[in-house]
Amino acid sequence: MYTGSITVAETPLLRYVLGRADDALVLGHRLSEWCGHGPMLEEDMALSNMALDLIGQARALYTYAGEVEGAGRDEDAYAYLRDVTGYANVLLVEQPNGDFARTIVRQLLFSAFIDPYWRALMASTDQTLAAIAAKAEKESAYHLRHASEWTIRLGDGTAESHARAQQALDELWPFTGELFTVSAAERGLVDAGIAIDPEALRAGWHAIVARVAGRATLTLPADGWMQRGGREGRHSEHLGHLLSDLQYLQRAFPGARW
Amino acid sequence: MYSQSLNQQVADTTGPDDAAAAARFQTRIDAEERIEPNDWMPAAYRRTLVRQISQHAHSEIVGMLPEGNWITRAPSLRRKAALIAKVQDECGHGMYLYAAAETLGVTREQLVDELLSGKAKYSSIFNYPTLTWADIGAIGWLVDGAAIMNQIPLCRCSYGPYSRAMIRVCKEESFHQRQGYEIMLTLARGTAAQKAMAQDALNRWWWPCLMMFGPPDAQSQHSDASTRWKIKRFSNDALRQKFVDATVPQAHFLGLTLPDPALRFNEATAHWEFGEIDWTEFKQVLAGNGPCNRDRMAARRAAHANGEWVRNAALAYAAKERARAAAGAA
């Protein structure tokens, strides 16, 4: 029976799994906001497809979180009953859609990170995570291709699309540093071969983004101050509004099954 | 979803020169042959199909909006994924219906312009609001259920590309309908508040769904030509009755009450008889005065306008790529 907000046991593995699940859910939710409003029907289809992939990944990870915690919670308990400070996604994925360029560049920056991440995590000593990673990698490879192609089209399209894509890249860049952070608790999982060290992926990520930006005639911003805090539950104001939509029915009708 | 263009009058402007071709065409129709894009067809047949298929396509695309309204608020991750997939299906239906219309010599861009300018119509049902989660169940169950009643006969429509599109659309719509009914069943067996939500949705959607079939036969302008050409195979009232007969027992199984005090089963005819439909409301919605007509058109126009720079960028990039390829080949 669902009641009010839940607080989960902060074990390193649970926190880690929830963080990855939250990344997928929040980004999937953002992409789903485009459904019916895309710049062309083909993109309504594509963005919805990616939203479905990401929500599917989130469901697998939340279900695993339930097993890890062992408190009898299902996927919906984690998605619908944690407050904003309980969410552990990176700040990048909760940034609003903005225009199509901003959505695409956000997707590029995240996919260029998460696709190699899933590939590396397929070697996790945790069999469940390795299996989830293997499925997710196939999907994120397509997301990366889609975002790359569109970034190139927008950057090397018209003067207007170039300016919009450059602005999106400039504004989202400060959220990329957080992708590579590792908490002290997560460090132990890395050492145990359960999680992987994202720092090892940084050069590869940068190379992908630089190659796409180059073909798109976009300029990579300099690495200045990087925003962080999402993994620790310190979010932008945007996430609370996203959650008040997402969680509305579960909060308004406590305990009801849908 | 559904097009109400079946109910519009068409003038058969086949000229005397075409009389022999028209006779051959009608012979093929009568023999239940499918007409394909490169076959000769009367100009009025072509016009009728363009209008009907494009209005059907527009209905699919506008129909994404009322359901899309609940994607971000779906009550569970399973429901959220199912709803996104469903709305995405509607988008896919729109795309292949536009493609079917394009086989008749029009472009998707022309057809979309006609929708956005207000010249083309879409189904009246999408001008009603989705106020609660139960509306998502009611739309799947009733709106898609009504659409299926209309579309099953269209699977045998004389125009090949349209009939083939309808076969695929019907398969997906029947899945949507079961999904919608399952949402309603869950609510009906849930808490008192959930059951009240389901009842309220049924109260609001029932009559507009009956209107989806178009005016009564006695007042219908539907053309004899559409029937002769085997585009339309059943009358509005016949399809409406079929829908009511199928749906009333489903509502009873849910333990919900249909909002029609005149509803009664006629043992002699084995049909459910129902009360008077408010055709004034129907006409007002068609005239643009439904609760959401302005919002729906505003949303489609905004998506189109906000996407213009994206479409221009894609075209500009494609032109640059062609120029680069030509320069590379030279």
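Letters go in sequence order (proteins before strands), and every chain restarts at 1. Hydrogens, waters and symmetry mates are skipped; everything else that's a heavy atom, side chains included, is used.
The parts of Glu42(A) that come within reach of chain B are both its backbone and its side chain, each placing non-hydrogen atoms under 4.5 angstrom from that chain. For Trp150(A), the part lying near chain B is the side chain, with the backbone staying farther off; criterion is any non-hydrogen pair under 4.5 Å. Looking at Leu77(B), the atoms closer than 4.5 Å to chain A (heavy atoms on both sides) sit in the backbone and in the side chain alike. The part of Arg79(B) that comes within reach of chain A is its side chain, from C-beta onward, which places non-hydrogen atoms under 4.5 angstrom from that chain.
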The test is side-chain contact (heavy atoms from CB on, under 4.5 Å); show your working for Tyr248(A) and Thr72(B) and say whether it passes. CA-CA 9 Å; Tyr248(A) 151 65; Thr72(B) 58; over 6 Å; no
Applying side-chain contact (heavy atoms from CB on, under 4.5 Å) to Asn306(B) and Phe100(A), what does each step give before you reach the verdict? CA-CA 9 Å; Asn306(B) 295 336; Phe100(A) 186 70; over 6 Å; no
side-chain contact (heavy atoms from CB on, under 4.5 Å) between His37(A) and Arg300(B): does it pass, once the steps are laid out? CA-CA 7 Å; His37(A) 307 279; Arg300(B) 285 317 306 161; 5.8 Å; no
Between Leu41(A) and Tyr98(B), is a side-chain contact (heavy atoms from CB on, under 4.5 Å) present by the stated rule, with each step listed? CA-CA 11 Å; Leu41(A) 298 180; Tyr98(B) 283 129; 3.9 Å; yes
Evaluate the salt bridge (charged side-chain N to carboxylate O under 4.0 Å, His left out) criterion for residues Asp76(A) and Lys80(B): first the C-alpha distance (whole Å), next the side-chain angles of each, then the deciding distance (0.1 Å), finally the verdict. CA-CA 11 Å; Asp76(A) 290 331; Lys80(B) 185 189 285 289; over 6 Å; no
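A 4.5 Å side-chain heavy-atom check between Lys320(B) and Asp156(A) finds at least one atom pair inside the cut-off. Under the 4.5 Å side-chain criterion, counting only non-hydrogen atoms from C-beta, Trp258(A) is not in contact with Ile183(B). Two residues are said to be in side-chain contact when any heavy atoms from C-beta on lie closer than 4.5 Å; Trp309(B) and Thr158(A) fail this criterion. With a 4.5 Å cut-off on side-chain heavy atoms, Asp245(A) and Trp70(B) do not count as touching. A 4.5 Å side-chain heavy-atom check between Thr186(B) and Arg257(A) finds every atom pair outside the cut-off.
Rounding to the nearest 0.5 Å gives a distance of 8.5 Å between CD of Glu149(A) and OH of Tyr317(B). Note: Glu67(B) CD to Cys35(A) SG = 9.5 Å, rounded to the nearest 0.5 Å. Rounding to the nearest 0.5 Å gives a distance of 10.0 Å between CZ of Arg73(B) and NE2 of His29(A). Once rounded to the nearest 0.5 Å, the distance linking CG of Leu154(A) with CG of Asn312(B) reads 11.5 Å. Atom CG in Leu83(B) sits 9.0 Å away from atom OG in Ser32(A) (nearest 0.5 Å).
Between chain A and the options Thr132(B), Ile84(B), Leu65(B), heavy-atom pairs under 4.5 Å are most frequent for Ile84(B). In terms of heavy-atom pairs under 4.5 angstrom with chain B, the leader among Leu242(A), Leu47(A), Ile152(A), Leu25(A) is Ile152(A). Interface check for chain A: of the options His304(B), Arg189(B), Arg324(B), the most heavy-atom pairs under 4.5 Å are formed by Arg324(B). Per-residue heavy-atom pair counts under 4.5 Å with chain A were compared for Cys91(B), Ala316(B), Gly68(B), Ala193(B), and the maximum is reached by Cys91(B). In terms of heavy-atom pairs under 4.5 angstrom with chain A, the leader among Arg78(B), Glu321(B), Glu308(B), Met64(B) is Arg78(B). Ranked by heavy-atom pairs shorter than 4.5 Å toward chain B, the options Ala101(A), Ala58(A), Ala51(A), Ala252(A) are led by Ala101(A).
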Only distances under 3.5 Å count here; give the side-chain donor-acceptor pairs of residues 99-106 of chain B to other protein atoms, sequence neighbours excluded, each with its distance to 0.1 Å.
unit_1: Glu102(B); atom_1: OE2; unit_2: Arg108(B); atom_2: N; d: 2.8
unit_1: Thr103(B); atom_1: OG1; unit_2: Ala100(B); atom_2: O; d: 2.5
unit_1: Thr103(B); atom_1: OG1; unit_2: Tyr159(B); atom_2: OH; d: 2.7

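Below 4.5 Å, heavy atoms of chain B meet no heavy atom from residues 13-22 of chain A.
Atom OH of Tyr96(B) sits in a crowded spot, with more than 12 heavy atoms from other residues, nucleotides or ligands closer than 6.0 Å. Within a 6.0 Å sphere centred on CD of Glu171(A), other residues, nucleotides and ligands contribute more than 12 heavy atoms.
Every residue two or more places apart in sequence or in another chain that forms a salt bridge (charged side-chain N to carboxylate O under 4.0 Å, His left out) with Glu160(A) is listed here: Arg164(A). Remark: Arg30(A) engages Glu33(A) in a salt bridge (charged side-chain N to carboxylate O under 4.0 Å, His left out) (not counting sequence neighbours).
With 3.5 Å as the limit, one finds no donor-acceptor pair spanning the side chains of Asp44(A) and Gln88(B).
Contact detail for Gln250(A) and Pro75(B): the closest heavy-atom pair is NE2-O, 2.8 Å. Summarising the geometry of Arg59(A) relative to Ala81(B), their closest heavy-atom pair is NH1-CB, 4.3 Å, with the distance given to 0.1 Å.
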